[in-house]
Amino acid sequence: MNPQQVNGAVPEKSTTFRTQADEHADHEEALQNLRTGKYDDWPNEAAFDGLTEERGPVKIAVAGTIPTWAAGSLFRTGPGLYKIDTDAGATFEMSHWFDGLAHTHRFDIIPNEHGSVEVFYSSRRQAQEMMEVIKKQGTWPYYSFGQKADPCLGLFSKAMAAFKGLRESPEEKWHNNINVVVHVNPPGLDAAAGNIAAKRKLAVTENDPKILGHKPELPKSIWISTDNCTMKQIDPTTLEPIGWATQHVLHPELKGPMSCAHAQRDPETGDLFNYNLELGPKPTYRVFRVEASTGKTEILATIREPIVSPAYIHSLFLSASFVVLCIPTSHFGLNGIHIPWERNLLDALRPYDPSRKTQWIVIDRKHGKGVVARFETDGRFFFHTVNSFEEKADSDSSEIDLFCDVIDFGSHEFIHSLYLNVILDRDSAAKKFYQDEKRARNSLAHLTRYQFTINPDSPSNKLPTNPDPKNHQVFRIPAPHAGELPTINPLYATKKHRYVYSLPFRGRSTLTDAMVKTDTETREVLFWDNPKGHTPGEAIFIPRPGGEEEDDGVLLSVVLDGEQGKSYLLCLDAKTMTEMGRAGVDFAIALGFHGAHVPSGRTVTRMEGQES
């Protein structure tokens, strides 16, 4: 049976194995696919148009096998609405993928008495207030990632909009579009929990879970973050917004507007780590920790120097001893003043300059030493860190080798390929974008490992003398042997890992078009052979209980079947990358960003659902 024709069918087991010797040829093939428009017959339209809520929960059919030990709830979030009919009779459209209005989904995997599982699906939009404002005003009234401004907006109107943005009221902040990362039971936010609930009448699920016999074990709290200081709390059952907070709630010095969506969690203690960025004449990074046991916040380092520019940073590194703030080349113009002027982050970035270096600032998180080392590498851009781990450099010294794995790009210019005009190739926008050879190459990701040697007994807040940026690179694995939205077995967080799972870009689609397992030791890779038009989402690794090998587990991914305009929850064997089972819905689910699996009967401290 052809899986391109039947959404619920489990196809024959099929994978593609490649080695390091194939890296260059596969990379050049991906570039050739971009040059020749190979993506023309890969349908993505269903991910951006006609998307609906299903408040549910509704039971969905399972084909094949999803193991009972993967039981729990998979929360997924991302953009989900791109067109709004306004009161004036026009249609307002979001222009960038990242600016679709927030939509969160939940797949409940419930064991039954037959030794198998049942799957239920629910979803809800989280930006109803913003949608109503856009419907009434016919414009985007708040900050965005890349929404294009109204070309008819005059200089005076633009200045007034910038001034209004700087004076955004607390009542407006929780209207903001927050749609990137799911955080399970984050510490320190109890004071703000539920503070939206008093402002509105809370909804109930359309289908009573008790009637359906559907009883998921849900976490105490779910919060959604994006790349600023605001987080939004959602009800784990109904998925509706019930609370909001800025980082100022955690500590009075965390008053800047910017942060990264991917706060890190200590896998042992559950402590949360992030940074806050204050913009203006003296931009200031404050790296902080929120203790899970007390909810108290401590500033670990304050960085305010002319040579450290304010930048767009989506994630940071955490190892057993250090927090690593990596500042790529995506610097904001005029120390961030361009943000309120442009009203979006993307247009506020300075043009890529190859002479700018990537800065690495290593901060002690165990003994209160602050910044203990600095390094520079060649200028690159990244969204997602993978993992960071430490090894003793020499048995006779106290030096530590710090390794940082990241998915990086030649420049941040490729973010422009994520405008909907390019993704959907409207008016040949994709062809115009990728006909530039350098821009096409910079749009392909690399899995890069960096190594830094640190002496904790002799901390230094200065760069090494005569540093050579290239000395820090251990390897760089090119697409499509690695890709975006990387994940690992969460039991290996802050420890040495071997396998990375990600979504590469082969040029067969204008978005990621595959799922790959990368062996960082042998540089061998294994692809899941997805049918044409089947676009996978981030692969969430669920470890097998008692498993002794790093790749002993399953991957859960929400896949769009663009041919049929339907989506399904896919379960892959993480060792073999072969399909075990799937649970499909009869409609398309938007291509989202990140998720969290909450196991049944266990307390979650990590974003990916690691047992505490």
Side-chain angles (χ1 to χ4, degrees), residues 1-16 54 56-76 105-123 212-214 216-217 487 489 501 503 514-517 526-547 549 551-564 566-589 592 595-600 608-609:
M1 197 172 291
N2 188 340
Q4 291 177 248
Q5 296 175 339
V6 182
N7 180 259
V10 177
E12 295 181 2
K13 295 180 179 180
S14 179
T15 58
T16 297
E54 178 52 73
V58 293
K59 186 176 180 179
I60 58 179
V62 178
T65 301
I66 299 175
T68 55
W69 48 261
S73 294
L74 175 66
F75 290 85
R76 293 275 304 155
H105 315 261
R106 193 183 76 232
F107 290 86
D108 297 319
I109 304 170
I110 312 293
N112 59 30
E113 64 272 17
H114 305 296
S116 56
V117 302
E118 297 174 341
V119 178
F120 297 82
Y121 171 77
S122 313
S123 78
L212 293 176
H214 164 245
E217 299 177 35
T487 56
N489 181 334
Y501 301 88
L503 309 181
M515 192 185 307
V516 66
K517 173 186 180 182
L526 199 58
F527 290 90
W528 168 58
D529 280 342
N530 51 317
K532 187 185 73 175
H534 287 228
T535 303
E538 177 190 51
I540 302 294
F541 190 105
I542 314 299
R544 181 191 300 272
E549 296 181 318
D551 56 355
D552 191 357
V554 297
L555 303 174
L556 297 180
S557 171
V558 180
V559 181
L560 170 72
D561 176 355
E563 297 281 0
Q564 297 293 312
K566 300 178 181 180
S567 295
Y568 56 94
L569 176 65
L570 172 72
C571 180
L572 291 184
D573 184 321
K575 185 182 293 292
T576 65
M577 293 299 285
T578 55
E579 180 170 345
M580 298 176 64
R582 64 173 68 178
V585 296
D586 291 328
F587 46 85
I589 296 174
H597 179 261
V598 181
S600 294
E608 296 86 352

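One finds the CG atom of Leu74 at 6.5 Å from the CD1 atom of Ile540 (value rounded to the nearest 0.5 Å). Put simply, CD on Glu118 and CD1 on Ile60 are 11.5 Å apart, with the number rounded to the nearest 0.5 Å. The distance from the OG atom of Ser567 to the CG atom of Leu560 is 4.5 Å, given to the nearest 0.5 Å. To the nearest 0.5 angstrom, Ile110 atom CD1 is 11.5 Å from Ile66 atom CD1. Note that OG1 of Thr15 and CZ of Phe527 are 11.0 Å apart. Values are rounded to the nearest 0.5 Å. Residue Asp552 holds its CG atom at 9.0 Å from CG of Asn489, rounded to the nearest 0.5 Å.
Taking 4.0 Å as the cut-off between side-chain N and carboxylate O, Glu538 and Arg76 count as a salt-bridged pair. Using a 4.0 Å cut-off between a side-chain N of Lys or Arg and a carboxylate O of Asp or Glu, Asp551 and Lys575 qualify as a salt bridge.
Taking the six-membered ring for Trp, Phe587 and Tyr121 have ring centres closer than 6.0 Å. Side-chain rings of Phe107 and Phe120 stay apart, their centers remaining 6.0 Å or farther from each other.
In this structure, Glu563 and Lys532 have side chains that are in contact, with non-hydrogen atoms separated by less than 4.5 Å. Residues Trp69 and Arg544 are in side-chain contact: their nearest non-hydrogen atoms beyond the backbone lie under 4.5 Å apart. Side-chain contact between Val559 and Thr535 is absent, with no heavy atoms from C-beta onward closer than 4.5 Å. Here the side chains of Pro536 and Leu503 are in contact, with some heavy-atom distance below 4.5 Å. Within the 4.5 Å cutoff, no side-chain heavy atoms of Val585 are placed close to those of Lys566. Contact check for Leu570 versus Glu579: side-chain heavy atoms found under the 4.5 Å cut-off. Here the side chains of Val554 and Pro67 are in contact, with some heavy-atom distance below 4.5 Å. You'll find the side chain of Ile542 stays beyond 4.5 Å of the side chain of Leu555, heavy atoms only.
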Would you please test Lys517 and Trp528 for side-chain contact (heavy atoms from CB on, under 4.5 Å) and show each step? CA-CA 8 Å; Lys517 173 186 180 182; Trp528 168 58; over 6 Å; no
For Met515 and Ser557, run side-chain contact (heavy atoms from CB on, under 4.5 Å): C-alpha distance rounded to whole Å, both residues' side-chain angles, the deciding distance at 0.1 Å, then the answer. CA-CA 10 Å; Met515 192 185 307; Ser557 171; 3.6 Å; yes
Take His597 and Phe541 through the ring-ring contact (aromatic ring centres under 6.0 Å, His included) test and state the conclusion after the steps. CA-CA 9 Å; His597 179 261; Phe541 190 105; over 10 Å; no
Decide yes or no on side-chain contact (heavy atoms from CB on, under 4.5 Å) for Thr65 and Val117, but give the supporting numbers first. CA-CA 8 Å; Thr65 301; Val117 302; over 6 Å; no
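Taking every heavy atom of both residues into account, Ser116 and Thr68 meet most closely at O-CG2, 3.8 Å. The minimum heavy-atom distance between Glu54 and Val58, with the atom names listed, is OE2-CG1, 3.5 Å. What you find for Thr487 and Ala539 is that their closest heavy atoms are OG1-O, 2.6 Å.
Applying the salt bridge (Lys or Arg N to Asp or Glu O under 4.0 Å) test to Asp573 and every residue at least two apart in sequence or in another chain returns nothing. Every residue meeting the side-chain contact (heavy atoms from CB on, under 4.5 Å) condition with Ser73, not counting sequence neighbours, appears here in chain and number order: Phe75, Arg106, Asp108, Pro216, Leu218. In this structure, Asn530 has no side-chain hydrogen bond (donor to acceptor under 3.5 Å, both in side chains) partners at least two apart in sequence or on a different chain. Under the rule for a salt bridge (Lys or Arg N to Asp or Glu O under 4.0 Å), Asp529 has no partner lying at least two apart in sequence or in another chain.
Put simply, the side chain of Tyr568 never gets that close to the backbone of Asp561: no donor and acceptor are under 3.5 Å apart.
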